[in-house]
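In what follows, every heavy atom counts, from backbone to side chain, and hydrogens, waters and symmetry copies are set aside. Residue numbers begin at 1 in each chain, while the letters A, B, ... track the order of the sequences.
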Protein chains: 2
Amino acid sequence: MFIGTFDLSMDPKNRIHLPAKVRDVLHSVYEPPLIVTVSDRCLAGYAARQWLEKYEKIESEPYTPEKGDLLRAISANAEECPLKNGRILIPTRLKEYAQIKRDVVIVGRVKKIEIWSAERYREAVASTPPSELSERIREYGF
Amino acid sequence: MFIGTFDLSMDPKNRIHLPAKVRDVLHSVYEPPLIVTVSDRCLAGYAARQWLEKYEKIESEPYTPEKGDLLRAISANAEECPLKNGRILIPTRLKEYAQIKRDVVIVGRVKKIEIWSAERYREAVASTPPSELSERIREYGF
DNA sequence: CAAACGTGCCGATGAACATCCGCGCTCCTT
DNA sequence: AAGGAGCGCGGATGTTCATCGGCACGTTTG
């Protein structure tokens, strides 16, 4: 499973070196290539099978117009990103969506990874103060 | 599966080059020809088998008058568009339905593709701002 | 017969991509 | 503390190939 946080940088050609740990997990438990999709303020990377399962699960639920738009946005903004020399190439469209400049944070989310603009990630983390986080941890007994 | 977004142009003879990735998927997992039907503000392209499955699934559900009209419209406005030299020919009727001028956007929708007038697609995308999109993504956990 | 339409073929070009390379940092080992 | 190995970073380069548009031929239509 994907866990941990990694600071990386995107080079001028929109390439990102996947952290070695992430690469190992991807090779050993899933299967490249990585499907990169838009997510909540960031990008999400799934193995193809897991991406499709997620997609079809949402699709199978009762239809609403909002969900139609959501599914279009997800599949329209998904790209197959093969690993070349340990790196993936992020398409311009996705780079802009996630507002990625140079510094990137990759977060392991068990079955997926999240790819964040470092700046945005800092903001997102800062929006939940440690005290509140502690409370939630206590609440869920983790 | 079909994913991603592609900017293309229709030539003066109403032909569209299918993107190479789309062609590859169509050949490897489905089978040409492409059945092109009217869809929501755009055209939809299915492999014949998937088109038929979709049609029969709707047909098999309990009858309502609206559904009768829908099925008529779908099959009346469907055309078989064979791949010739990597291109498909869009019939005038469908071109006009989708208000396609010159610039075209093709969107992968997993089991089908959507063929949009570029202008109309821009409008459709603009109608869901990123913040709202993020919220829905978070809600569905993608 | 004329015009419109569909189709095959081909060429140019320009952008996207793959591959290869070397550097330097960091972290672990000894 | 010194050495080494792994890993992240960036650049350069060349080549492939996808897309676009034109042209010419055949066929159908009116």
Between the protein and nucleotides 18-20 of chain C, which nitrogen or oxygen pairs are less than 3.5 angstrom apart?
| residue | atom | partner | partner atom | Å |
| --- | --- | --- | --- | --- |
| C:dA18 | OP1 | A:K84 | NZ | 3.0 |
| C:dA18 | O5' | A:K84 | NZ | 3.4 |

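- Taking five base pairs at each end of the helix from C:dC1-D:dG30 to C:dT30-D:dA1, the local helix axes there meet at an angle of 30°, rounded to 10°.
- No more than 12 heavy atoms of other residues, nucleotides or ligands shown are found within 6.0 angstrom of CD on B:E119.
- Within the hydrophobic cluster formed by Ile, Leu, Val, Met, Phe, Trp and Tyr side chains joined at under 4.5 Å, directly or through other members, B:V125 is accompanied by B:V105, B:V107, B:W116, B:Y121.
- Across the protein-nucleic acid pair, B:L83 atom CG and C:dG6 atom P stand 16 Å apart, rounded to whole Å.
- Here side-chain hydrogen bond (donor to acceptor under 3.5 Å, both in side chains) pairs that include residues 98-107 of chain A, with residues two or more places apart or in two chains, number zero.
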Could you pull out all donor-acceptor pairs under 3.5 Å where a side-chain atom in residues 10-20 of chain A meets a protein atom, sequence neighbours excluded?
| residue | atom | partner | partner atom | Å |
| --- | --- | --- | --- | --- |
| A:D11 | OD1 | A:K13 | N | 2.7 |
| A:D11 | OD1 | A:N14 | N | 3.2 |
| A:D11 | OD1 | A:R15 | N | 3.0 |
| A:D11 | OD2 | A:R15 | NE | 2.7 |
| A:D11 | OD2 | A:R15 | NH2 | 3.0 |
| A:N14 | OD1 | A:K95 | NZ | 3.2 |

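- Enclosure of atom CZ in A:R109 is not indicated, since only 12 or fewer non-hydrogen atoms of other residues, nucleotides or ligands lie within 6.0 angstrom.
- Between the CZ atom of B:R93 and the P atom of C:dC5 there is a distance of 15 Å, rounded to whole Å.
- Each of A:R102 and B:P12 was assigned the nucleotide of DNA chain D with the nearest heavy atom; the assignment lying further toward the 5' end belongs to A:R102.
- One finds no salt bridge joining A:E59 and A:K54 here, because no Lys/Arg side-chain nitrogen approaches an Asp/Glu carboxylate oxygen to under 4.0 Å.
- For A:Y55, the ring pair (Phe, Tyr, Trp, His ring centres under 6.0 Å) partners are A:W51, not counting sequence neighbours.
- Counting to the nearest Å, the P atom of C:dT7 and the NE2 atom of B:H17 are 14 Å from each other.
- If you take NZ of B:K95 and P of C:dC5, they are 11 Å apart, rounded to a whole angstrom.
- Here the closest non-hydrogen pair linking A:C81 and A:I88 is O-CG2, 3.7 Å.
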List the atom pairs, donor and acceptor, that lie under 3.5 Å between side-chain atoms in residues 25-34 of chain B and the rest of the protein, sequence neighbours left out.
| residue | atom | partner | partner atom | Å |
| --- | --- | --- | --- | --- |
| B:H27 | ND1 | B:R23 | O | 2.9 |
| B:S28 | OG | B:D24 | O | 2.9 |

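- Look at CD1 on B:I88: it is 17 Å from C1' on C:dG8, rounded to the nearest Å.
- Heavy-atom contacts from other residues, nucleotides or ligands closer than 6.0 Å to CD1 of A:I3 number 12 or fewer.
- With sequence neighbours excluded, the residues that form a side-chain contact (heavy atoms from CB on, under 4.5 Å) with B:E61 are B:K57, B:K67.
- B:T5 places a side-chain N or O within 3.5 Å of a backbone atom of A:A76 that can act as its donor or acceptor partner.
- A:L8 and A:F2 fall within the same hydrophobic cluster, where Ile, Leu, Val, Met, Phe, Trp and Tyr residues are linked whenever their side-chain heavy atoms come under 4.5 Å apart, directly or through other members.
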Please list every donor-acceptor pair under 3.5 Å in which a side-chain atom of residues 38-50 of chain A meets a protein atom from a residue at least two apart or in another chain.
| residue | atom | partner | partner atom | Å |
| --- | --- | --- | --- | --- |
| A:S39 | OG | B:F142 | O | 2.8 |
| A:D40 | OD2 | B:R138 | NE | 2.7 |

Inset, instruction - Would you give a per-nucleotide map of nucleotides 24-29 of chain C, 5' to 3', where B means the base has a protein non-hydrogen atom under 4.0 Å away, S means only the sugar-phosphate does, and - means neither? - result: ------

Nucleotides 12-14 of chain C: which of its N/O atoms have a protein N/O under 3.5 Å away?
none

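- Among the atoms of the strands shown, only primed sugar atoms or phosphate atoms (P, OP1, OP2) are found under 4.0 Å from some heavy atom of A:P19.
- By the neighbour-count criterion of 12 heavy atoms within 6.0 Å, atom OH of A:Y140 is sparsely surrounded, having that number or fewer from other residues, nucleotides or ligands.
- Interface limits on DNA chain D: the 5'-most and 3'-most nucleotides within less than 4.0 Å of chain B heavy atoms are D:dA18 to D:dA24.
- The neighbour count for B:E135 CD, taken as heavy atoms of other residues, nucleotides or ligands under 6.0 Å away, does not exceed 12.
- Within 4.0 Å (heavy atoms only), B:I16 reaches no atom of the nucleic acid at all.
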